[in-house]
Each structure stands twice: as C-alpha cells, then as structure tokens.
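Taking it in order: structure first as structure tokens, then the write-up.
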Amino acid sequence: MSSKKEAIFICSLIVLWYSSNIGVLLLNKFLLSNYGFRFPIFLTMCHMSACAILSYISIVFLKVVPLQTLKSRSQFLKIATLSVVFCGSVVGGNISLRYLAVSFNQAVGATTPFFTALFAYLATLKREAWVTYAALVPVVTGVVIASGGEPSFHFFGFVMCISATAARAFKSVLQGILLSSDGEKLNSMNLLLYMSPIAILVLLPAALIMEPNVVDVTLSLGREHKFMWLLLLVNSVMAYSANLSNFLVTKHTSALTLQVLGNAKGAVAVVISILLFKNPVTVIGIGGYMITVMGVVAYGEAKRRFR
C-alpha cells in the first residue's frame with residue numbers, strides 16, 4: 001500500500017472510530033433520556049447481541065482477524081469473569097446517561113487512568129515512577145472541580161458513572177493478569193467474540209427481572225415511533241463498529257497517536273453533545289474537565305517516558 005493510500009486508509013479508520021464512539025454515546029443518551037426508552041440493561045444486551053453476531057461474521061466469514069480458539073476450561077472461566085465485569089461497566093455507564101449530561105459523563109470517564117493505576121498497584125504491588133502518580137492528581141482534581149460546577153449534577157448518576165469507570169479500569173487490569181500467558185492471549189476482536197454471548201446470558205435474566213416491563217414498553221414505543229427499531233439497530237451496530245474501529249486504529253497507529261486521538265475524542269464528544277442537547281455548562285465545569293484532560297495527557301506521557 002502506497003504512503004498516500006495508507007494515509008487515506010488510516011484517516012478513514014479514525015473517522016469511523018470517532019463517529020462510532022461518539023455516535024453510540026449520543027444515541028444512548030437520546031434513547032435513555034429523551035426518547036422514553038429507559039432500559040439501560042436491555043440496551044446493553046442489544047449492543048452485546050450485535051457484537052456477538054457481527055464478530056462471528058467478521059472473524060469466521062470475512063476473516064478480518066484469524067479465529068483464535070479457546071484451549072481450556074480455565075481460559076473460558078477467565079473470559080467469563082471478564083465478561084461479567086465488562087457488563088457491569090457498560091450497564092453502569094448507560095445508567096449514568098439517564099441522569100447526567102454527556103459532557104459531565106465524559107469528564108468522569110476521563111479518570112479511567114487513575115483507577116487503572118490504583119487497581120494495577122493493588123493487584124501486582126508494582127510501583128510506577130512518582131512522576132506518573134503525580135500526574136494523576138490533576139485527573140482527580142479536575143473531576144472534583146467539574147462536579148462542583150455541574151448544573152445538572154445527580155448523585156446517583158455520578159455514583160454509577162464512577163462505578164462504570166472503575167469497572168472499565170478493573171477489567172483492563174484483570175485482562176492483563178488473567179490472559180497473561182502466551183497460550184491464552186486473545187486479540188480484542190476474538191475476546192469480544194467470546195465475551196458477547198456470555199454477556200447476553202448475564203444480561204437477559206437481569207433485564208427481565210430488573211426491567212420487567214421492557215418488552216411491553218419497547219413494543220409500544222415501536223408502534224408510536226416508526227424509527228424506534230431503526231434507532232435501536234443503528235445504535236447496536238455502532239457499538240460493534242466502535243470496538244472494530246478501535247482495534248483497527250490500534251493496529252495501524254502508534255500508542256502515542258492512539259493516546260492523543262483518544263483524548264481529543266472525548267473533547268469532541270463533549271462539544272457535540274452540548275450543541276445537540278443544549279445542556280447548561282459553567283466555566284467551572286469546563287475548567288475542571290480541561291484540568292482532567294491535561295492530567296490524562298501528562299499521565300500518558302509519564303508512562304511513556306518512565307516505562
């Protein structure tokens with residue numbers, strides 16, 4: 001592939017990554033807060049169903065990546081554990097969107113490095129350089145400031161968002177520990193292929209028990225709004241596209257590029273969400289978010305330099 005074609009290909013992947021991630025986030029917010037579809041567990045199950053089906057098609061038929069088979073019952077149990085934690089993080093994030101503005105949700109989500117560093121230390125007792133830990137201070141400080149300046153602050157939504165962020169970090173650390181041996185390592189697309197069906201088995205009974213009227217309300221909304229099913233379908237496909245594009249961008253760019261793009265993606269999502277949903281923001285809230293983002297950038301740079 002020529003350098004020009006490769007540059008166009010990578011730019012296309014980045015556009016797909018941004019549009020998928022931001023699109024699924026904004027659609028989640030629209031469905032859960034503005035559309036009357038107040039079923040975050042069922043919505044997460046729809047996402048996992050799309051991931052299970054599209055992962056199978058992509059890997060088995062389209063050969064996007066080679067199929068990696070499971071080699072032991074132990075490996076399966078480890079993946080099942082990761083799947084449960086993953087479910088918790090996604091459901092928690094979706095629940096928080098019912099109560100919090102996307103801009104504040106993203107600010108809290110930016111604290112993922114703090115929880116990753118915390119869980120990594122607790123799990124391995126391996127210390128990073130002091131500069132790395134120092135960079136986490138503005139990450140947490142920024143969210144504290146943003147919380148104080150958030151006009152639509154909701155305590156339960158905030159707790160769910162923090163819990164989802166912590167679970168996402170825990171899953172990342174746990175994955176590094178459980179699937180550390182060469183024989184058990186899976187790339188992210190194969191891991192998604194195996195985690196998704198397990199997630200459906202966990203989420204289906206949870207949705208039926210905790211969201212007992214989900215079927216009736218969904219069918220009713222489907223009759224009232226002709227685009228309801230299309231929105232759910234597009235939202236679920238975007239959830240898979242976000243995972244696929246993240247894998248491809250990771251594969252075709254450097255770790256530093258990915259870090260910069262990831263930080264910028266959060267900022268773009270915040271701006272678009274404010275323009276679309278017109279949620280009130282304050283100078284204090286924006287300042288807090290900027291401090292958090294700068295802390296995340298400093299943390300990533302410290303990790304790279306003091307590895």
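Basis for what follows: all heavy atoms, side chains included, without hydrogens, waters or symmetry-related copies. Everything quoted here is computed from the prediction, not taken from an experiment.
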With side chain to side chain contact (heavy atoms under 4.5 Å, CB included) as the test, would you mind laying out the steps for W229 and T218 before giving the verdict?
CA-CA 9 Å; W229 301 111; T218 303; 3.6 Å; yes

Working for side chain to side chain contact (heavy atoms under 4.5 Å, CB included), residues S163 and V159:
CA-CA 6 Å; S163 300; V159 169; 4.1 Å; yes

Kindly indicate, with the supporting measurements, whether the criterion side chain to side chain contact (heavy atoms under 4.5 Å, CB included) is fulfilled by F247 and L192.
CA-CA 11 Å; F247 170 77; L192 186 65; over 6 Å; no

Take C87 and L203 through the side chain to side chain contact (heavy atoms under 4.5 Å, CB included) test and state the conclusion after the steps.
CA-CA 8 Å; C87 282; L203 292 168; 4.0 Å; yes

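A donor-acceptor contact shorter than 3.5 Å is absent between the side chain of S89 and the backbone of A164. Side-chain atoms of N246 never come within 3.5 Å of backbone atoms of A242 as a donor-acceptor pair (strictly under, hydrogens ignored). A distance-only check finds a donor-acceptor pair linking the side chain of T112 to the backbone of G109 [under 3.5 Å]. The main-chain N or O of F155 is never found under 3.5 Å from a side-chain atom of Y99 such that the two would form a donor-acceptor pair. Checking side-chain atoms of T124 against main-chain N and O of A120 turns up a donor-acceptor pair under 3.5 Å. For S96 (side chain) and M160 (main-chain N/O), no donor-acceptor pair under 3.5 Å exists by modelled atom type. Using a distance-only test at 3.5 Å, with no hydrogens or angles considered, a donor-acceptor pair links the side chain of E211 to the main chain of F42. Not one N or O on the side chain of T111 forms a donor-acceptor pair closer than 3.5 Å with the backbone of A107.
Under the 4.5 Å side-chain heavy-atom criterion for ILVMFWY residues, a single connected hydrophobic cluster contains both V64 and V60. Both L25 and I272 belong to a common hydrophobic cluster when Ile, Leu, Val, Met, Phe, Trp and Tyr are linked at side-chain heavy-atom distances under 4.5 angstrom. The same ILVMFWY cluster, assembled from side-chain heavy atoms under 4.5 Å apart, contains both V268 and F104. Grouping the Ile, Leu, Val, Met, Phe, Trp and Tyr side chains by contacts below 4.5 angstrom, directly or via other members, places L62 with L13. A single hydrophobic cluster is not seen to contain both L100 and L275; linkage of ILVMFWY side chains at heavy-atom distances under 4.5 Å, directly or through other members, places them apart.
With no hydrogens or angles considered, a side-chain donor-acceptor pair links S58 and Y240 at under 3.5 Å. Under 3.5 Å, the side chains of D216 and N213 contain no donor-acceptor pair of N or O atoms.
Residue pairs that meet the ring pair (Phe, Tyr, Trp, His ring centres under 6.0 Å) test with at least one member in residues 107-150, sequence neighbours left out, are F119-F170. Pairs engaging residues 137-151 under the side-chain hydrogen bond (donor to acceptor under 3.5 Å, both in side chains) rule: E150-S152 [sequence neighbours left out].
Taking CZ of F86 as the reference point, atom CD of Q175 lies at 10.0 Å (rounded to 0.5 Å). Rounding to the nearest 0.5 angstrom, the gap separating the CG atom in L208 from the CE atom in M45 is 7.5 Å. Expressed to the nearest 0.5 Å, how far OG of S236 lies from CG of L43 amounts to 6.5 Å. Taking NZ of K171 as the start and OG of S83 as the end, the distance is 9.5 Å to the nearest 0.5 Å. Atoms CE and CG, on M238 and L16 in that order, are 9.5 Å from each other to the nearest 0.5 Å. With rounding to the nearest 0.5 Å, the separation of CG in L204 from CE in M48 is 14.0 Å.
The minimum heavy-atom distance between I198 and A80, with the atom names listed, is CD1-CA, 3.8 Å. Closest heavy-atom contact between T282 and P151: CG2-CG, 3.7 Å. Taking each heavy atom of Q68 and Y194 in turn, the nearest pair found is O-OH, 2.5 Å. In plain terms, the two heavy atoms of N279 and I274 that are nearest each other are OD1-CA, 3.6 Å. Between I79 and L191, the shortest heavy-atom contact is CG1-CD1, 4.1 Å. Smallest separation of non-hydrogen atoms from G93 and N105: O-ND2, 4.0 Å.
Looking only at side-chain heavy atoms (C-beta outward), V24 and N235 come within less than 4.5 Å of each other. In this structure the side chain of L70 reaches within 4.5 angstrom of the side chain of L186, judged on heavy atoms. W17 is not listed as a side-chain neighbour of L248, based on a closest heavy-atom distance of 4.5 Å or more. Contact of the L26 side chain with the S273 side chain is registered, since non-hydrogen atoms from C-beta on lie closer than 4.5 Å. Put simply, the side chain of L276 does not reach to within 4.5 Å of the side chain of K29, judged on heavy atoms. Side chains of L54 and L244 form no contact here, defined as non-hydrogen atoms less than 4.5 Å apart. Side-chain contact check for V215 versus L219: some heavy-atom pair is nearer than 4.5 Å. In this structure, the side chains of P40 and R98 come closer than 4.5 Å at one or more pairs of heavy atoms.
Within a 6.0 Å radius of CD1 in I286, other residues, nucleotides and ligands contribute more than 12 heavy atoms.
Considering only residues two or more places apart in sequence or on other chains, S72 meets the side chain to side chain contact (heavy atoms under 4.5 Å, CB included) condition with S74, Q75, E184.
Applying the side-chain contact (heavy atoms from CB on, under 4.5 Å) test between S12 and each of V15, I8, I14 identifies I8 as the sole match. For the side-chain contact (heavy atoms from CB on, under 4.5 Å) with L27, the lone residue among I22, L232, L231 that qualifies is L231.
Taking the six-membered ring where the residue is Trp, H225 and Y35 present tilted rings, their angle falling between 30° and 60°.
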